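Position 1 is the first residue of the sequence, and the numbers go up from there. FYI, side chains are in, hydrogens and waters are out, and symmetry mates aren't considered; it's all heavy atoms of this structure. Everything quoted here is computed from the prediction, not taken from an experiment. Each ligand, and each atom within it, is numbered from 1 in the order the structure gives.
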Amino acid sequence: MSQATATDFVIDAAPVIPVVVIEDASKAADLAKALVAGGLPCIEITLRTAAAMDALEAVASVEGAIPGVGTVVSPQQLEAAKKAGAQFAVSPGHTASLLDAAEAINLPYLPGAATPAEMQGLMERGYKNLKFFPAEASGGAAYLKNFASVFKTIRFCPTGGVSLKNMHEYLSLPNVDVVGGSWVCPKSAVETSNWDELTTLAKEAIKAAHAITA
Ligand code: 3PG
């Protein structure tokens, strides 16, 4: 039985998954420590830079961090990321070959979906937790709300244009427990190694999320 669909630990760990774009892998451990200190253990390292795989390996060595890989578009990337220590993987969308690969290597996988047909196809394959991308451009919370009553078993992690300002719109939906975003890990803070800023942003996000769900 594949564990690829077993992603509850990702969804339930914290209300926000930081989406990280990192150019310098030597900064990854400090970055992860700062986010973990702020209460955000799941960290998605996107495969958008040459440093990403090394960064993932560094995050995997940080106590308390749950390293994940993002922007996965090929089965080879899934395999390499698992070897580098990824405990979960995320894609903007999904393909049959990615689903097959995640299931073959038992890597917990959050495939992306933005249309009812995509959601239904994933539901049929046993997936319960999906990434909703690009969230804001696809219609935002008002659009996602429509699926709560029709796809009752599906929970979404919206990403793409989500921020401290609009996260409440998503987190107040019955089919959303977590959102993803880069706003908790701004490029400027990483460039200047301003790790306190990351911890502050993480804490601020958690506080706002708890205010919504309380
Ligand atoms: C993602 O890969 O999930 C998104 O690109 C993150 O989008 P954001 O930068 O708007 O948070």
Side-chain angles (χ1 to χ4, degrees), residues 7 10-11 13-23 28 31-32 34-35 38-53 55-56 59 65-74 77-78 81 86-95 98 102 107-115 118-119 122 127 129-144 154-171 173 175-191 197-198 200-206 208-209 212:
T7 47
V10 179
I11 297 292
V16 178
I17 300 175
V19 175
V20 177
V21 180
I22 187 163
E23 303 284 350
L31 177 155
L35 291 170
L40 300 181
C42 281
I43 299 168
E44 178 187 328
I45 303 291
T46 59
L47 296 181
R48 297 182 204 169
T49 61
M53 281 294 176
L56 185 60
V59 173
I66 304 174
V69 62
T71 325
V72 175
V73 292
S74 78
Q77 288 176 330
L78 275 183
Q87 292 180 29
F88 69 96
V90 187
S91 290
H94 65 276
T95 62
L98 278 170
L107 182 62
Y109 181 43
L110 279 177
T115 67
E118 291 165 352
M119 295 166 193
L122 288 165
Y127 287 82
N129 300 324
L130 314 181
K131 167 170 167 140
F132 171 53
F133 176 84
E136 281 293 287
S138 301
Y143 172 79
L144 196 55
I154 303 285
R155 294 196 293 169
F156 293 94
C157 172
T159 78
V162 182
S163 67
L164 187 69
K165 280 203 183 95
N166 62 9
M167 64 189 271
H168 68 277
E169 296 171 16
Y170 293 98
L171 288 171
L173 297 179
N175 52 353
V176 175
D177 296 311
V178 62
V179 298
S182 59
W183 91 91
V184 284
C185 190
K187 200 176 167 196
S188 55
V190 178
E191 271 171 11
E197 183 179 340
L198 263 59
T200 303
L201 288 167
K203 284 184 178 166
E204 188 181 50
I206 288 178
I212 299 155

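- For the pair T71 and ligand 1, the shortest N or O to N or O distance does not fall below 3.5 Å.
- Considering backbone and side-chain N/O of T46, none are found under 3.5 Å from N/O of ligand 1.
- Checking only distances, G180 never comes within under 3.5 Å of ligand 1, N or O to N or O.
- Looking at W183 against ligand 1, nothing comes within 4.0 Å, counting heavy atoms.
- The distance from ligand 1 to the heavy atoms of T159 drops below 4.0 Å at these ligand atoms: 1 (C), 3 (O).
- Closest non-hydrogen pair, Y109 versus G93, comes out as OH-O, 3.9 Å.
- Y170 has its ring centre no less than 6.0 Å from the ring centre of F132.
- Taking atom 8 (P) of ligand 1 as the reference point, the nearest protein heavy-atom neighbour is S182 OG, 3.4 Å.
- The CG atom of N175 sits 11.5 Å away from the CG atom of N129 when rounded to the nearest 0.5 Å.
- At a threshold of 4.5 Å between non-hydrogen side-chain atoms, the residues L130 and P111 count as touching.
- Proximity to K131 (heavy-atom distance under 4.0 Å) selects the following atoms of ligand 1: 1 (C), 2 (O), 3 (O).
- Protein heavy atom nearest atom 10 (O) of ligand 1, with residue, atom name and distance: G161 N, 2.7 Å.
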**Report entry** Residues E204, L164; criterion side-chain contact (heavy atoms from CB on, under 4.5 Å); working and verdict
**Finding:** CA-CA 8 Å; E204 188 181 50; L164 187 69; 3.6 Å; yes
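- The line from CD1 of I17 to CD1 of I11 is 5.5 Å long, rounded to the nearest 0.5 Å.
- For ligand 1, the polar-atom distance check finds no N/O of E44 at less than 3.5 Å from any of the ligand's N/O atoms.
- Those atoms of ligand 1 that come under 4.0 Å of a heavy atom in G181, given as number and element, are 11 (O).
- Between the side chain of T95 and the backbone N or O of L98 there is at least one donor-acceptor pair closer than 3.5 Å.
- Judged by the shortest distance from any of its heavy atoms, E136 lies outside the 4.0 Å radius around the atoms of ligand 1.
- The closest donor-acceptor contact from the side chain of T46 to the backbone of V20 lies under 3.5 Å.
- Counting atoms of ligand 1 from 1 in the listed order, those under 4.0 Å from a heavy atom of R48 are 1 (C), 2 (O), 4 (C), 5 (O).
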